[in-house]
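In what follows, a structure is listed as structure tokens, so that the remarks can point back to it.
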Amino acid sequence: MRNILFAILTAFMVGSTAMGANHVYVKSKQNLRCEGYFPQISPDGKKVISAPTDAKKLYIYDLETQRRDVVADEGVPGFEAVFGPDGKVYYVAMKINKDHIIFRSVREYDPETKENREVLSGQHGAVHAIAGTEGIAAVGEHKEWNVRSAGAFAWALGSELYVYRDGHKRTFTPVNVQTGYLWADISPDGKKVLFHVPAQGLYICDATNGRILKKLDGCIMPRWYNNELIVAQGRGRMSYNIIIFRADGTGGVQSLASGECVMPSVSDHNVIYTTKGGSVKLLTLETPEERDIRLEQERIEAERIAREKAEEEARKAAEEAEQTEQAGEE
């Protein structure tokens with residue numbers, strides 16, 4: 001059955017252009033000067049964080065000044081860094097104690113003040129900085145930070161899915177597997193959670209009860225674009241494409257970028273990704289509805305400008321005619 005599902009999704013992928021499946025339109029595409037991996041873009045679209053392949057450093061790049069600063073260079077900070085709604089950077093830092101036990105903490109970096117502080121003290125086991133629907137939370141197996149203010153968010157440990165809402169945690173096991181779950185992410189409205197099961201595919205479940213709503217295949221590193229669309233890196237024939245598709249499985253799969261494209265991340269209307277060579281690319285997207293509204297606004301604005309220009313030309317012509325008439329009378 002899994003092979004059949006994969007074959008069906010692959011057919012959708014290959015045929016999406018021919019079928020005219022446009023979930024979104026690429027409004028603009030930029031090649032950024034901040035080489036690196038694991039890229040994330042700030043909510044205001046002005047800064048990018050990235051890391052080298054070994055993630056031993058974390059950089060922040062200002063798209064306006066084209067300046068790159070080091071956020072951190074200890075504790076392998078580049079893997080899971082995220083921007084908060086206010087533009088601050090949150091990342092996981094690792095330390096090994098004298099007994100060779102690994103402890104992980106979460107730190108906050110302010111690009112404006114350069115202040116770097118610990119928000120979740122070191123603990124043994126898994127630790128994550130996670131973007132929720134209202135803010136950033138830091139979670140671990142033993143301690144947490146800011147979970148009440150972060151809104152709704154989700155993360156996974158092994159085959160357990162943890163869904164938080166206003167500080168209240170619920171634990172689900174939607175799929176009983178030994179391989180565990182990857183890339184858990186909650187939809188912007190907090191109603192659905194996606195997660196990936198190795199060798200099985202992408203699952204979407206209800207955030208309130210853990211009930212499976214849909215199973216898809218053919219992608220890795222999925223992230224919600226909005227409440228209905230998912231951005232991911234393809235698999236199979238589309239292995240190095242950045243793709244977008246509907247969470248309900250309808251409408252086919254649309255390729256946003258092709259050719260050694262990896263590690264997509266989403267922030268508002270922006271999708272940022274890198275290539276296998278480390279070149280960072282930025283797409284700004286719009287849905288068909290948003291595109292129609294923009295084009296209508298541009299049409300109305302163009303008509304306004306044309307009307308004002310015509311009125312101004314008519315006014316000048318009238319003034320010239322009046323001046324000519326007065327000159328004739330004299």
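Keep in mind that this is a model prediction, so the values were computed, not measured.
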* Any V70 side-chain heavy atom under 4.5 Å of Y59 side chain -> yes

* To do: Evaluate side chain to side chain contact (heavy atoms under 4.5 Å, CB included) for N22 paired with Q254, printing each intermediate quantity in order.
  => CA-CA 6 Å; N22 280 98; Q254 178 186 352; 3.6 Å; yes

* **K169, NZ atom: more than 12 neighbouring heavy atoms under 6.0 Å** => yes

* Between the side chains of S121 and K143, does any donor sit under 3.5 Å from an acceptor? -> yes

* For the residue pair F153 and T133, establish whether any side-chain heavy-atom pair is separated by less than 4.5 Å. => no

* **Electrostatic pair R294-E298, nearest N-O below 4.0 angstrom** => yes

* To do: Give a yes or no answer on whether the side chain of Y181 reaches the backbone of H196 with a donor-acceptor pair at less than 3.5 Å.
  => no

* Asked: If you measure from CD1 on I102 to NZ on K95, what distance do you get to the nearest 0.5 Å?
  -> 14.0 Å

* To do: Please determine if K276 forms a cation-pi arrangement with Y240, meaning its NZ or CZ atom is less than 6.0 Å from the six-membered ring centre and no more than 45° off the ring axis.
  => yes

* Beyond-backbone contact of E290 with H269, side-chain heavy atoms, under 4.5 angstrom -> yes

* Structure fact -> Residues H128 and A156: closest non-hydrogen pair is NE2-O, 4.5 Å

* Exceeds 12 heavy-atom contacts within 6.0 angstrom, atom NZ of K316 -> no

* **Donor-acceptor contact present, side-chain R104 to main-chain G125, <3.5 Å** => yes

* Asked: Are the side chain of Q233 and the backbone N or O of S239 linked by a donor-acceptor pair below 3.5 Å?
  -> yes

* Nearest heavy-atom pair of A152 and I186: which atoms, and what distance? -> O-CG2, 3.5 Å

* Under the side chain to side chain donor-acceptor pair (under 3.5 Å) criterion, do T171 and E160 qualify, and how do the steps go? -> CA-CA 7 Å; T171 304; E160 290 190 323; 5.7 Å; no

* Can you check side chain to side chain contact (heavy atoms under 4.5 Å, CB included) on Y225 and H23, steps first, answer last? -> CA-CA 11 Å; Y225 175 73; H23 302 301; over 6 Å; no

* To do: Show the numbers, then the answer: is there a side chain to side chain contact (heavy atoms under 4.5 Å, CB included) between V82 and I130?
  => CA-CA 7 Å; V82 293; I130 303 174; over 6 Å; no

* To do: Start with the C-alpha gap between N241 and C261, add the side-chain angles, then the distance that decides, and say whether side chain to side chain contact (heavy atoms under 4.5 Å, CB included) holds.
  => CA-CA 5 Å; N241 282 20; C261 303; 6.0 Å; no

* Enter the distance from L282:CG to S28:OG here, rounded to the nearest 0.5 Å. => 6.5 Å

* To do: Determine, stepwise, if the pair E296 / R299 fulfils salt bridge (charged side-chain N to carboxylate O under 4.0 Å, His left out).
  => CA-CA 5 Å; E296 178 63 12; R299 183 190 66 78; 2.4 Å; yes

* Flag yes if V147 and W145 sit in one hydrophobic cluster, no otherwise; membership is Ile, Leu, Val, Met, Phe, Trp, Tyr, and two members link when side-chain heavy atoms are under 4.5 Å apart. => no

* Is the backbone of V177 close enough, under 3.5 Å, to the side chain of S159 for a donor and an acceptor to pair up by distance? -> yes

* Main-chain N/O of E115 paired to D110 side chain as donor or acceptor, under 3.5 Å -> no

* Please confirm whether the backbone N or O of G87 pairs with a side-chain atom of S42, one donor and one acceptor, at under 3.5 Å? => no

* To do: Measure the shortest side-chain to side-chain distance between V92 and F79 over non-hydrogen atoms and say whether it is less than 4.5 angstrom.
  => no

* **The single option from Y162, W183, F195 passing ring-ring contact (aromatic ring centres under 6.0 Å, His included) against W155** => Y162

* Would you say D99's side chain and I101's backbone share a donor-acceptor pair under 3.5 angstrom? -> no

* Structure fact -> Rounded to the nearest 0.5 angstrom, the CG-CD distance for L283 and Q30 is 9.5 Å

* With distance as the sole test, does T274 use its side chain to make a donor-acceptor pair with the main-chain N or O of S279 at under 3.5 Å? -> yes

* **Separation of N97 CG from H124 NE2 (nearest 0.5 Å)** => 9.5 Å

* Is there side-chain contact between L32 and I272, with at least one heavy-atom pair below 4.5 Å? -> yes

* Do other residues, nucleotides or ligands put more than 12 heavy atoms under 6.0 Å from the NE2 atom of H142? -> yes

* Find the distance between CG (L216) and CD (Q200) and round it off to the nearest 0.5 Å. => 13.5 Å

* Compare all side-chain heavy atoms of I212 with those of C205 and state whether any distance is below 4.5 angstrom. => yes

* **Same cluster (ILVMFWY, side-chain, under 4.5 Å), I49 and V76** => no

* Asked: Can you hop from F38 to L58 via hydrophobic side chains spaced under 4.5 Å?
  -> no

* Hey, any chance V271 and V24 share a hydrophobic cluster, counting ILVMFWY side chains that come within less than 4.5 Å of each other, even indirectly? -> yes

* Can you name the nearest heavy-atom pair linking I220 to G234, along with the distance? -> CG1-O, 4.4 Å

* **N227 side chain vs D189 backbone, donor-acceptor pair below 3.5 Å** => yes

* Is R148 atom CZ crowded by more than 12 heavy atoms from other residues, nucleotides or ligands, each under 6.0 Å away? -> no

* To do: Measure across L161 and A184 and return the closest heavy-atom pair with its distance rounded to 0.1 Å.
  => CD1-CB, 3.9 Å

* **Euclidean distance, F172 CZ relative to D206 CG, rounded to 0.5 Å** => 8.0 Å

* For the residue pair G45 and L63, what are the closest heavy atoms and their distance? -> O-CD1, 3.4 Å

* Asked: More than 12 foreign heavy atoms under 6.0 Å from CD of E74: is that the case here?
  -> no

* Asked: Under the 3.5 angstrom rule, does the side chain of R170 hit a backbone N or O of N209 as a donor-acceptor pair?
  -> no

* Hey, does Q40 have a side-chain heavy atom less than 4.5 Å from the side chain of E80? -> no

* Asked: Do you know which of R33, R67, K47, R68 makes salt bridge (Lys or Arg N to Asp or Glu O under 4.0 Å) with D62?
  -> K47

* Asked: Looking only at heavy atoms, which two atoms of A257 and Y273 are closest? And how far apart?
  -> CB-OH, 3.2 Å

* Are E319 and R315 ion-paired here, with the side-chain N under 4.0 Å from a carboxylate O? -> yes

* May I have the step-by-step check of salt bridge (charged side-chain N to carboxylate O under 4.0 Å, His left out) for R304 and E308, ending in yes or no? => CA-CA 6 Å; R304 183 190 66 80; E308 291 179 353; 2.8 Å; yes

* With side chains defined as the heavy atoms from C-beta onward, is the minimum distance between S50 and Y61 less than 4.5 Å? -> no

* Cation-pi, Y203 ring and K215 (6.0 angstrom, 45 degrees) -> yes

* Residue that, paired with I230, satisfies side-chain contact (heavy atoms from CB on, under 4.5 Å) out of I244, V266, V253, L202 -> L202

* To do: Check whether L157 and V127 end up in the same hydrophobic cluster, where Ile, Leu, Val, Met, Phe, Trp and Tyr are linked by side-chain heavy atoms less than 4.5 Å apart.
  => no

